Amino acid sequence: QVQLVESGGGLVQPGGSLRLSCAAPGGTSSGYTKGWFRQAPGKEREFVAAITRNGANTYYADSVKGRFTISRDNAKNMMYLQMNSLKPEDTAVYYCAGGPRGPYYSPSYNYWGQGTQVTVSS
């Protein structure tokens, strides 16, 4: 069982930045494609970004392309999401995930974190 723990969420003004982190305290997560998803109140969980196990390939939702950057450090069992130019519509609970059972953009991953709240508001 792979445990994932997110951190870095918070309240930020529109146009601001946040960096989310996803730790895998038990290790053994470097062999998986990993992703970030988000879920706003009353909405379905949606894909944000994904990164292959060696970091060679990254994928983004159109809504965040050019503003968000996903990265990982396998030596530290960490994954990150740098979020710039944040908008109110980015407000959601953000989840990290590992080990997709289907397409990288589908929320059908084997492992999930507990989520971290991101609120973009003035």
Side-chain angles (χ1 to χ4, degrees):
Q1 185 73 16
V2 175
Q3 180 186 10
L4 300 175
V5 181
E6 303 96 336
S7 61
L11 173 64
V12 63
Q13 292 186 342
S17 298
L18 280 176
R19 188 194 195 204
L20 304 184
S21 299
C22 175
T28 70
S29 68
S30 62
Y32 302 106
T33 288
K34 291 183 177 179
W36 287 97
F37 289 77
R38 65 187 182 186
Q39 188 165 19
K43 295 187 177 181
E44 293 186 352
R45 191 167 297 189
E46 66 174 4
F47 169 74
V48 175
I51 186 167
T52 52
R53 59 183 181 177
N54 61 1
N57 295 295
T58 57
Y59 308 94
Y60 297 93
D62 287 343
S63 59
V64 307
K65 201 171 294 183
R67 300 188 297 122
F68 291 10
T69 302
I70 189 172
S71 61
R72 66 190 294 169
D73 184 338
N74 288 339
K76 298 180 179 179
N77 289 308
M78 296 292 295
M79 180 176 66
Y80 307 97
L81 185 69
Q82 178 66 44
M83 305 186 295
N84 298 329
S85 302
L86 283 161
K87 305 175 181 180
E89 50 263 43
D90 294 318
T91 295
V93 177
Y94 283 70
Y95 299 90
C96 67
R101 298 196 299 271
Y104 63 83
Y105 50 83
S106 173
S108 57
Y109 282 58
N110 284 316
Y111 310 110
W112 292 88
Q114 82 289 349
T116 185
Q117 176 71 46
V118 171
T119 302
V120 185
S121 175
S122 56

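For the single chain, residues carry numbers from 1 onward in sequence order. Everything numeric in this text was worked out from a predicted model, so none of it was measured.
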Q: Only one of Y95, W112, Y94 passes ring-ring contact (aromatic ring centres under 6.0 Å, His included) with F37; say which it is.
A: W112
Q. Linking I/L/V/M/F/W/Y whenever their side-chain heavy atoms sit closer than 4.5 Å, directly or via other members, would W36 and F47 fall into one cluster?
A. no
Q. Same cluster or not: are Y104 and Y60 linked, directly or through other Ile, Leu, Val, Met, Phe, Trp or Tyr residues, by side-chain heavy atoms under 4.5 angstrom apart?
A. no
Closest approach of [X] and [Y], non-hydrogen atoms and distance?
X    : Y    : answer
D90  : R67  : OD2-NH1, 2.8 Å
Q117 : A92  : NE2-O, 3.5 Å
S21  : Y80  : OG-CD2, 3.5 Å
R72  : R53  : NH1-CA, 3.2 Å
V93  : G115 : CG1-CA, 3.8 Å
V48  : V64  : O-CG2, 3.5 Å

Q.
Looking at C96, is its backbone amide N or carbonyl O close enough to the side chain of E6 to form a donor-acceptor pair, meaning the two atoms are under 3.5 Å apart?
A. yes
As an exercise, state the distance from [atom1] of [X] to [atom2] of [Y], rounded to the nearest 0.5 Å.
X    : Y    : atom1 : atom2 : answer
Q82  : L18  : CD    : CG    : 8.5 Å
R45  : S106 : CZ    : OG    : 11.5 Å
S122 : L11  : OG    : CG    : 9.5 Å
R19  : T69  : CZ    : OG1   : 10.5 Å
C22  : L81  : SG    : CG    : 10.5 Å
L86  : T119 : CG    : OG1   : 10.5 Å

Q: Test Y32 against Y109 for ring-ring contact (aromatic ring centres under 6.0 Å, His included), laying out the working first.
A: CA-CA 10 Å; Y32 302 106; Y109 282 58; 9.8 Å; no
(Q) Quick one, L20 with M83, criterion side chain to side chain contact (heavy atoms under 4.5 Å, CB included). Give me CA distance, side-chain angles, the key distance, then yes/no. (A) CA-CA 8 Å; L20 304 184; M83 305 186 295; 3.7 Å; yes
Q: Could you please spell out the steps behind the salt bridge (charged side-chain N to carboxylate O under 4.0 Å, His left out) verdict for K65 and D62?
A: CA-CA 5 Å; K65 201 171 294 183; D62 287 343; 3.2 Å; yes
Q.
Looking at E44, I want to see if its CD is surrounded by more than 12 non-hydrogen atoms of other residues, nucleotides or ligands under 6.0 Å.
A. no
(Q) Does Y59, at its OH atom, have more than 12 non-hydrogen atoms belonging to other residues, nucleotides or ligands within less than 6.0 Å? (A) yes
Q: In sequence, state the C-alpha distance, the side-chain angles, and the governing distance for M79 and L4, and then conclude on side chain to side chain contact (heavy atoms under 4.5 Å, CB included).
A: CA-CA 10 Å; M79 180 176 66; L4 300 175; over 6 Å; no
